[in-house]
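One structure below.
Small disclaimer: the values here were computed from a predicted structure and weren't measured. Proteins get letters first, then strands, A, B, ... in listed order; numbering begins at 1 in each. Both backbone and side-chain heavy atoms feed into the values below; hydrogens, waters and symmetry mates do not.
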Amino acid sequence: EAEVAQSPRYKITEKSQAVAFWCDPISGHATLYWYRQILGQGPELLVQFQDESVVDDSQLPKDRFSAERLKGVDSTLKIQPAELGDSAMYLCASSLAGTGVSEAFFGQGTRLTVV
Amino acid sequence: AQSVTQLGSHVSVSEGALVLLRCNYSSSVPPYLFWYVQYPNQGLQLLLKYTTGATLVKGINGFEAEFKKSETSFHLTKPSAHMSDAAEYFCAVTSASGQAGTALIFGKGTTLSVSS
């Protein structure tokens, strides 16, 4: 069964360091999402891609966060420098199209701890 | 703008009892509504969704939900809880536009505990 792959599963980093997460969506899925889930909260959208283009990054803290999907397939989310408040689960999801018409499939996430 | 409110951050039931998780939404356009389940340190798995048509939707693991437009609700139910149902449940909404810019907006979640 096709899955959304994310790595690493767990990451511990010191504040002010750089950290990166990788996501490989289900093959053929044009839409890719990065969500941040703080402990005890629901996921919040950081950025949405349609192929290689950013559709929505209004909630992405652009002073420290960046995201790219250069070839419209896999994607990388970077934080530089990391802050204590960035500790959270970072979830990647993909869908054939927008979630209004097709199901979004989620990866297992990357649990980030900033110390 | 769209939003979701899940009433009750924690629900506890006995095994075999009815499960009822409440979700109310706000949307200025026709909504698509979803319920997801999340087990510890895992991603989210879709339980069921409402798009159009029948307002009572059935999902996996015996769960179902009913879309009530007049009450702006989409409550999740299961007639008989099982120990394996213990998890975090999220209600989500998106707009029914079908366009690329339709990401899910999630509620804060409800933790379901099941006791024997």
Heavy-atom pair count under 4.5 Å with chain A, highest-scoring of B:Leu44, B:Leu46, B:Thr111: B:Leu44
Structural part of A:Phe49 lying under 4.5 Å from a heavy atom of chain B: neither
NZ or CZ of B:Lys78 within 45° of B:Phe63 ring axis and under 6.0 Å: yes
Plane angle bin for B:Phe106 and A:Phe106 - parallel if under 30°, tilted between 30 and 60°, otherwise perpendicular: perpendicular
Within-4.5 Å side-chain heavy-atom neighbours: B:His10 and B:Ser113: yes
Most contacts with chain B, counted as non-hydrogen pairs under 4.5 angstrom, among A:Pro43, A:Gly109, A:Gly42: A:Pro43
Segment of A:Gln37 engaging chain B (4.5 angstrom heavy-atom cut-off): side chain
Pair B:Gln45-B:Ile60, side chain to side chain contact (heavy atoms under 4.5 Å, CB included): steps then yes or no: CA-CA 10 Å; B:Gln45 180 185 10; B:Ile60 62 172; 3.5 Å; yes
Taking every non-hydrogen atom, the tightest pair across A:Ala18 and A:Thr13: O-OG1, 4.3 Å
Part of B:Glu88 lying under 4.5 Å from any heavy atom of chain A: neither
